[in-house]
Amino acid sequence: MKYDIIIVGGGPIGIACFIEAKKNNLSALILEKGTITNSIYNYPLDMTFFSTSEKLTINDIPFNCIAPKPGRKEALEYYRNVANYYDININLYEEVLTIDKSDYFTVTTSKNTYFSDNIILATGFYDIPHLLGVEGENLPIVSHYYKEAHPYAFQNIVVIGANNSAVDAALECYRKGANVTLIVRGSEFTSRLKYWVKPDIENRIKEGAIKAYFNSTVEKISHTSITVQSNHETITIETDHILAMTGYEPNFNFLERAGVLLQDDGYKTPFYNPETMETNVKDLYLAGVVSGGLQTNIWFIENSRVHASQIINHIQSK
Ligand SMILES: Cc1cc2nc3c(=O)[nH]c(=O)nc-3n(C[C@H](O)[C@H](O)[C@H](O)COP(=O)(O)OP(=O)(O)OC[C@H]3O[C@@H](n4cnc5c(N)ncnc54)[C@H](O)[C@@H]3O)c2cc1C
C-alpha cells in the first residue's frame, strides 16, 4: 500500500499532523521508534511544563489538569487519550532508517519498508545531547539526562547548565539531600527560567545551600572530579556524579540523509518554507521542534501545533 502521508515521530506534533490528515481523508501512518510521546516519557519524572495546559492541547480537545501547568504524567495521559480518541495509525518501536525519493518516497525502518507520496518529519530534538566536547565527558559519572533525585541522595553532584533542566535538577537533588554545585557558563541563568523557580534557586545560592560558579567553563572530567575555568581561575571539584544539562539537538545526520539542506546560519536551521513547512525536498515537510535546528528554544508545542494544518493545507492544495 502507498500512503498519502508517512509521519516520522509520534510526539505531540506528529499526532497533531495525523489528526489533521485524518480530518482531510488522507491515509496516514506514524512511525515511532519508541513509545507514544517518547520524548515526554523520557522527561524527568517530576517535571512541570512551563506552558499552561490549554496551550498544549491538540485539535481543541480539552486538557484538564488541577494545577494551571501540567506535569509529565498528565501530559502522557492527555496525548495517549487523544491518540486513542482519534484511533491513530501508529507503529511503535519502529525506527525510520532511510527515506529515499523517486516518484514517491520509500521509507525503510528497523522492521519494514513503506511507500508514501508525502513525508512529515516530526522527530523532535530530545534524542541527542548537546555535548560539552571535553575530555572525560563519556565517563560513567556523567549523565546528559536527569530522571529523579533519589539516586543522588547523600552524594556530591555537579550540575552543568543555566536552563530549566539544570535548575530543576539542582533544586530537586538538593532537597533530597545531595551536596549540589552548579556550573553556569554565563554570568546569569537564562531569561527563560520558569518564573516561579527563579527566586527559589537564587535564594538557595544566596544562603549557600547550593554552591554556584558563574562565568565558568568545564575543562575536563575525571572518574572523581571536574575541572573548571572560573573567572580566570582553575578549580577542581571532587564529585560523585555530574549532570550535564547542556541541552539537546535534532538528528542532523538523519535530516541530511533524507536530503534536507541545513543552513549555514550558525544554528544548522533546516531549510523549509515557513508558509508550508515544505523543505527543499519536494513533498517532504518538517513539523514541530525539529524545525529550529540548534535553536531548540524557538519552537514549542504551543507555537508549533499549527504546523499540522499548514502542512495538510499545502498537501491538499497540490
Ligand atoms: C524538559 C522539557 C520541557 C519542555 N517543556 C515544554 C513546555 O512547557 N511547553 C512547550 O510547549 N514545550 C516544551 N518543551 C519543548 C517541546 O514542546 C517538546 O520537546 C515536545 O515534545 C516537542 O514535540 P514534537 O512532537 O515536535 O517532538 P517530540 O515530542 O520530541 O517527538 C519526536 C518523536 O520522534 C521520534 N523519533 C525521532 N527520530 C525517529 C526516527 N528516526 N524514527 C522514528 N521515530 C523517531 C522520537 O522518539 C519522538 O517520540 C519541553 C522540552 C523539554 C526537553
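For ligands, and for the atoms within them, numbers begin at 1 and follow the listed sequence.
Aromatic ring pairs are classed by plane angle as parallel below 30°, tilted from 30° to 60° and perpendicular above 60°; the pair Tyr114 and Tyr3 is tilted. In this pair, Tyr43 and Phe49 present their aromatic rings tilted. The plane angle is within the 30 to 60° band.
If you number the atoms of ligand 1 from 1 as listed, the ones under 4.0 Å from a heavy atom of Thr123 come out as 32 (C), 34 (O), 37 (C), 38 (N), 39 (C). Set against the non-hydrogen atoms of Val96, the atoms of ligand 1 under 4.0 Å away are 40 (C), 41 (N), 42 (N), 43 (C). Annotation for ligand 1: atoms under 4.0 Å from non-hydrogen atoms of Val8 are 40 (C), 42 (N), 43 (C). Every atom of ligand 1 with a heavy atom of Ala122 under 4.0 Å away is listed here by number and element: 31 (O), 32 (C), 33 (C), 34 (O). Counting the atoms of ligand 1 from 1 in the order shown, those under 4.0 Å from a heavy atom of Gly288 are 26 (O). With ligand atoms numbered from 1 in the order given, ligand 1 contributes 3 (C) to contacts under 4.0 Å with heavy atoms of Met47. Residue-ligand proximity, Tyr126 to ligand 1, at heavy-atom distances under 4.0 Å covers atoms 53 (C). Heavy-atom proximity to Leu31, at under 4.0 Å, picks out these atoms of ligand 1: 43 (C), 44 (N).
When side chains are defined from C-beta on, Leu76 counts as touching Thr37, because their heavy atoms get closer than 4.5 Å.
Remark: the backbone N or O of Asp283 is paired with a side-chain donor or acceptor of Glu278 at under 3.5 angstrom.
Protein heavy atom in closest approach to atom 23 (O) of ligand 1: Pro12 CD, 3.7 Å. Scanning the protein for heavy atoms near atom 34 (O) of ligand 1, the closest one is Gly9 CA, 3.2 Å. Annotation: atom 24 (P) of ligand 1 to nearest protein heavy atom, Ile13 CG1, 3.8 Å. In this structure, the protein non-hydrogen atom closest to atom 5 (N) of ligand 1 is Phe50 CE2, 3.5 Å. The closest protein non-hydrogen atom to atom 31 (O) of ligand 1 is Gly11 CA, 3.5 Å. Among protein heavy atoms, the minimum distance from atom 11 (O) of ligand 1 is reached at Ile301 N, 2.8 Å. Protein heavy atom at the shortest distance from atom 16 (C) of ligand 1 is Val289 CG1, 3.7 Å. Scanning all protein heavy atoms for the shortest distance to atom 19 (O) of ligand 1 gives Tyr43 OH, 3.0 Å.
Residue Thr109 places every heavy atom at 4.0 Å or more from ligand 1.
Backbone and side-chain nitrogen or oxygen atoms of Glu32 are examined, and one is located within less than 3.5 angstrom of a nitrogen or oxygen of ligand 1. The distance criterion of under 3.5 Å between nitrogen or oxygen atoms is met by Lys33 with respect to ligand 1. When only interatomic distances are considered, the shortest N/O to N/O separation between Ser51 and ligand 1 falls below 3.5 Å. Polar contact with ligand 1: present for Ser39 (N/O pair, distance under 3.5 Å).
Taking CZ from Phe125 and CZ from Phe252, the interatomic distance works out to 11.0 Å, rounded to the nearest 0.5 Å.
Ion pair Glu20/Lys23 flagged as a salt bridge, since at least one NZ, NE, NH1 or NH2 atom sits closer than 4.0 Å to an Asp/Glu carboxylate oxygen. Salt-bridge check for Arg80 with Glu77: passed, with a basic side-chain N closer than 4.0 Å to an acidic carboxylate O. Checked for salt-bridge contact, Lys73 and Asp46 miss the test: no charged N lies under 4.0 Å from a carboxylate O.
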Please assess Lys111 against Asn91 for the test side-chain hydrogen bond (donor to acceptor under 3.5 Å, both in side chains), listing each intermediate value before the final yes or no.
-> CA-CA 10 Å; Lys111 295 181 179 170; Asn91 289 3; over 6 Å; no

After noting the C-alpha distance and the side-chain angles of His307 and Tyr285, does the key distance pass the ring pair (Phe, Tyr, Trp, His ring centres under 6.0 Å) rule?
-> CA-CA 10 Å; His307 293 168; Tyr285 299 81; over 10 Å; no

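Taking the six-membered ring wherever Trp is involved, the centroid distance between the rings of Tyr248 and His130 does not fall below 6.0 Å.
At least one cation-pi condition fails for Lys2 and Phe115: the charged atom is not both under 6.0 angstrom from the six-membered ring centre and inside a 45 degree cone around its axis.
Each of Val159, Leu182, Asn163, Asp168 was checked for a side chain to side chain contact (heavy atoms under 4.5 Å, CB included) with Met245, and the lone residue meeting it is Val159.
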